[in-house]
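Naming convention: chains lettered A, B, ... in sequence-line order (proteins, then strands); numbering from 1 in each chain. From a predicted model like this one, the values you see are computed outputs, not experimental measurements.
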Protein chains: 2
Amino acid sequence: MTTDQIARIRRFQRAVTTEIGLLDTSFLGRGRPLGPARVLNAIGGSRVEVSEIRAYLGLDSGLMSRLLRGLEAEGLIEVEPGADDSRRRRVRLTAAGAQEYAAYEALADAQAREMLGKHAAPDKLLAAMDMVASALGKERIALDAVDPRHPLAQACMNAYYTELAARLEQGFDVARSSDPDVQDMRHPRGAFVIATSDGLPLGCAGLKGTDKGYAEVKRLWVSPAARGLGLARRLMRELEDRARDIGVTVLRLDSNSALHEAVALYRATGWVEIARFNDDPYPDLFFEKRLITG
Amino acid sequence: MTTDQIARIRRFQRAVTTEIGLLDTSFLGRGRPLGPARVLNAIGGSRVEVSEIRAYLGLDSGLMSRLLRGLEAEGLIEVEPGADDSRRRRVRLTAAGAQEYAAYEALADAQAREMLGKHAAPDKLLAAMDMVASALGKERIALDAVDPRHPLAQACMNAYYTELAARLEQGFDVARSSDPDVQDMRHPRGAFVIATSDGLPLGCAGLKGTDKGYAEVKRLWVSPAARGLGLARRLMRELEDRARDIGVTVLRLDSNSALHEAVALYRATGWVEIARFNDDPYPDLFFEKRLITG
DNA sequence: TCATATATCTGACTAAAGTCAGGAATATTG
DNA sequence: CAATATTCCTGACTTTAGTCAGATATATGA
C-alpha cells in the first residue's frame, strides 16, 4: 500500500465529510432537524420495529423514544405493541406521515438528479458511487430468501444473463439453457437468496432441488458494484446452510471456465471437479461438494 | 435519467451519511469534538489565514473565534496579525499542535489503510472514490500557476506521458518529443497551471512562450478521476487569461486525433485547424486560436 | 480627514444531540 | 413461580453547534 493511495482515501473522506455536512444540517429544508428526519425516513423505508430502527441509526434508547414521541405529536406516525412480543413496538406512517415521507423522497431525488445532470459521464459516476457505497456499507448488505419471481430476484437474474452474454465466447441465450422451475428454487425443494443494500439488489444465488439425490447451485451473480467484498462467498455459505436445513448433503453446479472468479471460489471452498452431469450447452466445468452435517 | 439511477445515488448518499456520521462524531477518538478537530486539521493542512479557514469550513465568525481561543488555550496554535493587513490574522501550529495534528493524520491514515486492506480490488475502489470525490467537490478544485519543475507539476506530466503511451497507436517516448524549456513555461515567457483538490493533482496545462509571434499550449491533461467536470475547459480558459496578461494574442497547439475529447474541446472553443507547424513525430492535428483582447 | 467597509472578538442566547439513572411492562428460564 | 432479562419510557442533565447583536481595530476611497 502506497502513501499515494492513503492520500487518495483521505481526500475522499474530506470531500464527502464536508459535502454531506452541508447536505444534512438543514436536512433538505423541511423545517425538521436531522434526528426526526432520519427516523421518519427509516420508517418510510419499510422498517417497522423500534429496536430495528434504533440499531440501524445507532441511537440511544432515550433519544429514540423522544424522537418517536415528537413524530407522534406531529401526527406522522403511530406506534403499537408487537403482535407476538408486546415489548417490541411497531411503528407505521399515518397518511400525513406517508405524505411527508414522499416529500422528503422527492427532494432527495431532485438533489440526486441535479448532481447527475451536472456530470458529463453519469454512468461512470454512478458505477463509482455504487462501488464506494458497497465498500463503506459492507456489513449492511443483507441476504434474504425470496421467491425467484420477486422483482429484485428477476433484476439480478437479468443482470446475470447480460453478463454471461458478454463474457462467454459463444454468447448466452436463456432459452437454450435449462431454466430452473420456480418450484425447485423455493422452500422446501430449494431456495433463492438475494443480497441487497438499502433496497438495491447486489447479488443472488439459487438452490435448485432435484430428485437425483443432490441439489444444484444456479445463478450465482454479484453486481460489479459489490465485487471484492466477499459477497459471493457469503451467498454460497448461505445456500449451503439452507441446503443442510432441508436435508440436502450433496451439491452440484456447472460453470464456465470464462468465469474465473467463480471457478476460483469453488476450488477454494471445497468443491471438487467432476464429470459432466448434464447436456446444457454453456458449461464446460462441473463441480460437486459434500456437505459436512451435524 | 432513469429512476434506477436516482435510486443508486440515493443509496450512495445514505451509505456515506451513516458511515461518515459514525466516522466523525467521536472524531477519531482523541477526546476533541468535531469543530476544533476540523479547525486543527485545516491549519495543519497549511491553511494560514483565519478568513480562509472560515470560508473553507463554512463557519460563523463567532464560532470560529471561539474554536481558535479553545485551541490556543490548549497550547496547540498561535495567532498573530497578518503582515500586510493586520486585520486578517494568521494561525500556525505550535510544536504541541504539530504533534497533535500528526496524531490525527496517523489515525486517519490507519483507518484508510484498514478500509483498503479489506477490499479485494483496492485500485478500483480508489479510482471510484477519486471520481466521486471530484464530482462532489467540483468547486473545490483550485487552479494555480506553478513552476513546471514543481513535484505536483511533474506528477501530472508523468501521468500525461503514461496516458499518451497507452492511447497513441505508435506509443509515446518523451525523449523523441520536443520537451519544452522550463524557462518558456514560466512567467513572463509562459505559464504552467495545475489543478488540485485538497492537495491531490487532478490536471495540468502549460503555456510555452516562443519568439515566433505566438505561444503554444502544451501538456493539457486531466486525471481520469476528474473527467466530466469541465476541468479541461477551465484549464484552457486560465491559460488564455494568462496569455492575454503577458501580451500574447495568438495561440497554437498540436494534438493527436486519438485524443478525441481534447480535439472536440478545441473545436468547440474557437480553435481553428491549421497546417502542420512543427516536425514533432506524434501530433497529426494542428490548431490556432486568436484571442480577443481588450 | 471622514465615512465606510472589513476582519475579528465578545457576550448572551437557542437548538439539537446525546448521556445516564432509574422505572414500568412484558417475556424467558431454571 | 421467582429471578432475571429485555424493551421502551421518563426526567434531569451535559455537550456541541450555531446565531445574532454589538464592540473594536484596522484598512480604503472620496
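Checking side-chain atoms of B:Thr94 against main-chain N and O of B:Gly97 turns up a donor-acceptor pair under 3.5 Å.
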Reading nucleotides 6-15 of chain C from 5' to 3' and marking B where a protein heavy atom lies under 4.0 Å of the base, S where only the sugar-phosphate is that close, and - otherwise, the string is BSBBBBB---

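Atom CZ of A:Arg32 is separated from atom P of C:dA16 by 11 Å (rounded to the nearest Å). Counting to the nearest Å, the P atom of C:dA27 and the CG atom of A:Asp84 are 9 Å from each other. For the pair A:Leu59 CG and C:dC20 P, the interatomic distance rounds to 15 Å; values are reported in whole Å. Distance, A:Glu80 CD to C:dA25 C1': 17 Å, rounded to whole Å.
Checked against salt bridge (Lys or Arg N to Asp or Glu O under 4.0 Å), A:Arg54 has no partners two or more places apart in sequence or in another chain. For B:Arg92, the side chain to side chain donor-acceptor pair (under 3.5 Å) partners two or more places apart in sequence, or in a different chain, are B:Glu78, B:Glu80. In this structure, B:Asp144 has no salt bridge (Lys or Arg N to Asp or Glu O under 4.0 Å) partners at least two apart in sequence or on a different chain. Every residue was checked against the side chain to side chain donor-acceptor pair (under 3.5 Å) condition with A:Glu52, not counting sequence neighbours, and none meets it. Under the side chain to side chain donor-acceptor pair (under 3.5 Å) criterion, A:Glu49 pairs with A:Arg88, A:Arg90, not counting sequence neighbours.
The A:Ser86 side chain lies nearest to C:dT26 when the options are C:dA17, C:dT26, D:dT26.
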